[in-house]
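Working notes, structure below.
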Amino acid sequence: MSDAKPAPRPKRSTQFVDFLVQFRWIVVVFFVLPFSCLYYFSIYLGDVRSARKSDKQRQKEHEENVQEVVKRLRQRDASKDGLVCTARPPWVVIGMRNCDYKRARHFKVDLSKFRNILEINKERMVAKVEPLVNMAQISRATIPMNLSLAVIGELDDLTVGGLINGFGIEGSSHIYGLFSDTIVALEVVLADGKVVRATKDNEYSDLFYAIPWSQGTLGLLVSAEIKLIHVKEYMRLTYKPVRGNLKELAQAYADSFAPRDGDQDNPTKVPDFVEGMIYSPTEGVMMTGRYASKKEAKQKGSVINSIGWWFKPWFYQHAETALKRGEFVEYIPTRDYCHRHTRSIYWEGKLILPFGDQFWFRYLFGWLMPPKVAVLKATQSDYIRNYYHDHHVIQDLLVPLHKVADTLEWVDREMEVYPVWLCPHRIYKLPVKPMIYPEPGFEAHGWQGDTKYAQMYTDVGVYYAPGAVFRGEPYDGAEKCRQVELFLIENHGFQPQYAVTELSEKNFWRMFDSTLYEQCRKKYKAIGTFMNVYYKCKKGKKTEREVQEAEQEKAELDTPEVDEPAD
């Protein structure tokens, strides 16, 4: 038997930026939190003023604002002005993508006035809203009516425009699909200033299917009609602890919402809400929820937990208690549940404020949480920004349900990031092939969770610092990001585009299907007006010349180059 000890792992040399990050909580406590609170309050006042207006008045203002956008677009001189871009500063974005594309010369169009709920139509069960309406605003308006968006993002600041042009998911997505799948109609200003209404069955149906995941590169979204559903006052939530290896955890997760007999559309077998949290390679908690009336929640013996109060434990830590106390059930007010991850920004709050989850901080200062992501980004230097890109992970890996176990093992082996968030969602078979689509021939396999019309996927959410960073070891964030993307390509998965891509353009389009997107770019004259989606996701500054030259080149999609992992 050998007594040889394993070779010590190399250590990364400490740099000045490490101290800036370590003590960044000082800036957060004394600057970011107070300004975030004022920021949120000013937005709230604006929402209240908007709510006091009549639907007719809001619609009139909307039409006037649309005409201002049209006028602005028609003022652009393509030979002199840069590509069209919204006027929002680069830091006013929820995602961690650095928005370097906005640092190049561009033609600004101001959409800041588009933040009103235009109509809640109870007969059609549709909400008509402008793109800067956020999830907090719309849940505040609809849930007291016992209505909700079919898919409503967990974080307050997520906007309708971002969830449509980009990516949106929630614990109800195993029933309704992604946020973009709940859209009824889109109002879009095209490159030439023409205003169109796109639906799945009108003359602009191609645009309707192409806009999701396009990152605003086909036109400017100015309103959307979104599906509403009936809800009840409470969510009856069951917390179930699970132990075993990662394959066993993945199977327990699938069993929590996908009947093995394939009866996926049976509401008695499928819960209204689902999510899983993997806390270690051997432990996780699966949560399933069903809407419940106030009468049911207030029955004798029922436990009501109003998790929205500022002093309450952070939700992911509260759920983790199931590993010690065993399975339990409680009733959570519906709106509190919808925004359960807001205060702690999932578990990112622990990195931002290491003591933010402590009892004393929650009671004294919890009402200031969460720090607004925009203010956090505005107070970052380029050094800190690049540090987070290289030493931090914020990735959503959308993979088929039958590949969740393989994905968890890959994440554990390559990143060592915990907790990991699991949220199922459908990807539908559509009459056209948009940027994301099910695995070809999935219907023939009969995989758990699949139906004839949709394949069940899962968002494997990886948000935190990798284990190597905590141990002080070298970690190449850019290379690891590229490896993630290659893993997704190999497994018919997708990376939401709020993240940075490290792939070449040809390999980027191996992950997504560009056919419909490129057809709409040409048909609606977006080429030469709006930046290609790849260049919006690519890290680094994009010059106008670089983008225009790339647009002129015909991508050889039939024989893409293959990215090889770095040595």
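- Remark: side-chain polar atoms of Q495 are not paired, donor with acceptor, to backbone N or O of D396 under 3.5 angstrom.
- A heavy-atom distance below 4.5 Å is not found between the side chains of L488 and L398.
- Under the side chain to side chain donor-acceptor pair (under 3.5 Å) criterion, H318 pairs with N305, E330, sequence neighbours left out.
- Environment of NZ in K480: crowded, with over 12 heavy atoms of neighbouring residues, nucleotides or ligands closer than 6.0 Å.
- With Y337 contributing its side chain and R236 its backbone, the two residues share no donor-acceptor pair below 3.5 Å.
- When the salt bridge (Lys or Arg N to Asp or Glu O under 4.0 Å) test is applied to E187, no partner is found at least two apart in sequence or on another chain.
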Listed pairs under 3.5 Å, donor-acceptor, residues 267-284 side chains, sequence neighbours left out:
residue: T268; atom: OG1; partner: N266; partner atom: OD1; Å: 2.6
residue: T268; atom: OG1; partner: N266; partner atom: ND2; Å: 3.4
residue: K269; atom: NZ; partner: D261; partner atom: OD2; Å: 2.5
residue: K269; atom: NZ; partner: D263; partner atom: OD2; Å: 3.4
residue: D272; atom: OD2; partner: Y291; partner atom: N; Å: 2.9
residue: E275; atom: OE1; partner: H341; partner atom: NE2; Å: 3.1
residue: E275; atom: OE1; partner: W421; partner atom: NE1; Å: 2.5
residue: E275; atom: OE2; partner: R340; partner atom: NE; Å: 2.6
residue: E275; atom: OE2; partner: R340; partner atom: NH2; Å: 3.4
residue: Y279; atom: OH; partner: Y316; partner atom: O; Å: 2.6
residue: Y279; atom: OH; partner: E320; partner atom: N; Å: 3.4
residue: S280; atom: OG; partner: T282; partner atom: N; Å: 3.2
residue: S280; atom: OG; partner: T282; partner atom: OG1; Å: 3.4
residue: S280; atom: OG; partner: E283; partner atom: N; Å: 3.2
residue: E283; atom: OE2; partner: R243; partner atom: NE; Å: 3.2

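- For R115, the salt bridge (Lys or Arg N to Asp or Glu O under 4.0 Å) criterion is met by no residue, not counting sequence neighbours.
- The side chain to side chain contact (heavy atoms under 4.5 Å, CB included) test with L207 singles out one residue from L190, L516, L186, and that residue is L190.
- For H492 and F494, the gap between ring centers is short of 6.0 Å.
- Contact check on R426 versus D265 returns a salt bridge, with a Lys/Arg side-chain nitrogen under 4.0 Å from an Asp/Glu carboxylate oxygen.
- The residues E225 and R197 are annotated as salt-bridged, a charged nitrogen and a carboxylate oxygen being separated by less than 4.0 angstrom.
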Stepwise side chain to side chain contact (heavy atoms under 4.5 Å, CB included) test for E409 and K247: CA-CA 8 Å; E409 290 178 341; K247 287 189 181 296; 3.4 Å; yes
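- In terms of the side chain to side chain donor-acceptor pair (under 3.5 Å) criterion, N245 has no residue partners (sequence neighbours excluded).
- Partners of D47 according to the salt bridge (Lys or Arg N to Asp or Glu O under 4.0 Å) rule, which considers only residues two or more places apart in sequence or in another chain, are R140.
- Between the side chain of N202 and the backbone N or O of Y204, at least one donor-acceptor pair lies under 3.5 Å.
- Using modelled atom types, one side-chain atom of T342 and one backbone atom of D156 make a donor-acceptor pair closer than 3.5 Å.
- Closest approach of I164 and S180 over heavy atoms only: O-CB, 4.4 Å.
- In this structure, a donor-acceptor pair under 3.5 Å is absent between the side chains of N165 and Q497.
- When all heavy atoms of V404 and A250 are compared, the pair lying nearest together is CG1-CB, 4.0 Å.
- For V393, the side chain to side chain contact (heavy atoms under 4.5 Å, CB included) partners are Q395, M415, V417, V462, P466, Y475, not counting sequence neighbours.
- For the pair K523 and D206, the minimum side-chain heavy-atom distance is below 4.5 Å.
- The shortest distance between side-chain heavy atoms of Y453 and K429 does not fall below 4.5 Å.
- Summarising the geometry, atom OH belonging to Y464 is positioned 12.0 Å from atom CD1 belonging to I394; distances are rounded to the nearest 0.5 Å.
- I138 CD1 to L149 CG: the interatomic distance, rounded to the nearest 0.5 Å, is 4.0 Å.
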Criterion side chain to side chain contact (heavy atoms under 4.5 Å, CB included) on V242 and E248, from CA distance to verdict: CA-CA 9 Å; V242 180; E248 292 168 334; over 6 Å; no
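- Minimum heavy-atom separation, G493 to M511: O-CG, 3.5 Å.
- R58 contributes no side-chain N or O that, together with a main-chain N or O of E119, makes up a donor-acceptor pair within less than 3.5 Å.
- Residues Y234 and P333 form a side-chain contact, since some pair of their non-hydrogen atoms from C-beta on lies under 4.5 Å apart.
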Side chain to side chain contact (heavy atoms under 4.5 Å, CB included) between F257 and M286, intermediate numbers included: CA-CA 10 Å; F257 68 93; M286 307 305 154; over 6 Å; no
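- Here E485 does not pair with R482 in a salt bridge; the nearest charged N to carboxylate O distance is not below 4.0 Å.
- Not counting sequence neighbours, K194 has no partner by the salt bridge (Lys or Arg N to Asp or Glu O under 4.0 Å) test.
- Residues meeting the side chain to side chain donor-acceptor pair (under 3.5 Å) test with D181, sequence neighbours left out: none.
- Counting heavy atoms from C-beta on, the side chains of K227 and M125 never come closer than 4.5 Å.
- Aromatic rings from F508 and F512 are positioned such that their centres are separated by under 6.0 Å.
- The closest side-chain heavy-atom distance from L218 to F530 is not below 4.5 Å.
- Atom OH of Y331 and atom OG of S293 lie 8.5 Å apart (nearest 0.5 Å).
- Using a cutoff of 4.0 Å between basic side-chain nitrogens and carboxylate oxygens, K232 and E296 are not scored as salt-bridged.
- Among all heavy-atom pairs drawn from L237 and I332, the shortest one is CD2-CD1, 3.8 Å.
- Not a single donor-acceptor pair under 3.5 Å links the side chain of T199 to the backbone N or O of A185.
- Here K350 pairs with D357 under the side chain to side chain donor-acceptor pair (under 3.5 Å) rule; sequence neighbours left out.
- Residue H230 places its NE2 atom among 12 or fewer non-hydrogen atoms of other residues, nucleotides or ligands, all under 6.0 Å distant.
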Test side chain to side chain contact (heavy atoms under 4.5 Å, CB included) applied to V151 and L178, step by step: CA-CA 7 Å; V151 175; L178 297 175; over 6 Å; no
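- Side-chain atoms of S173 do not come within 3.5 Å of backbone N or O of P424 as any donor-acceptor pair.
- Y517 has its side chain within reach of N532: a pair of non-hydrogen atoms, C-beta onward, lies under 4.5 Å apart.
- Identified under the ring-ring contact (aromatic ring centres under 6.0 Å, His included) test for residues 114-165, with sequence neighbours left out: H62-F114.
- Side-chain contact between C338 and T334 is present, with at least one heavy-atom pair separated by less than 4.5 Å.
- Rounding to the nearest 0.5 Å gives a distance of 12.0 Å between CD1 of I169 and CG of L158.
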Enumerate donor-acceptor pairs with a distance under 3.5 Å from any side-chain N or O in residues 432-439 to protein atoms, sequence neighbours excluded.
residue: E439; atom: OE1; partner: H402; partner atom: NE2; Å: 2.9
residue: E439; atom: OE1; partner: Q455; partner atom: NE2; Å: 2.7

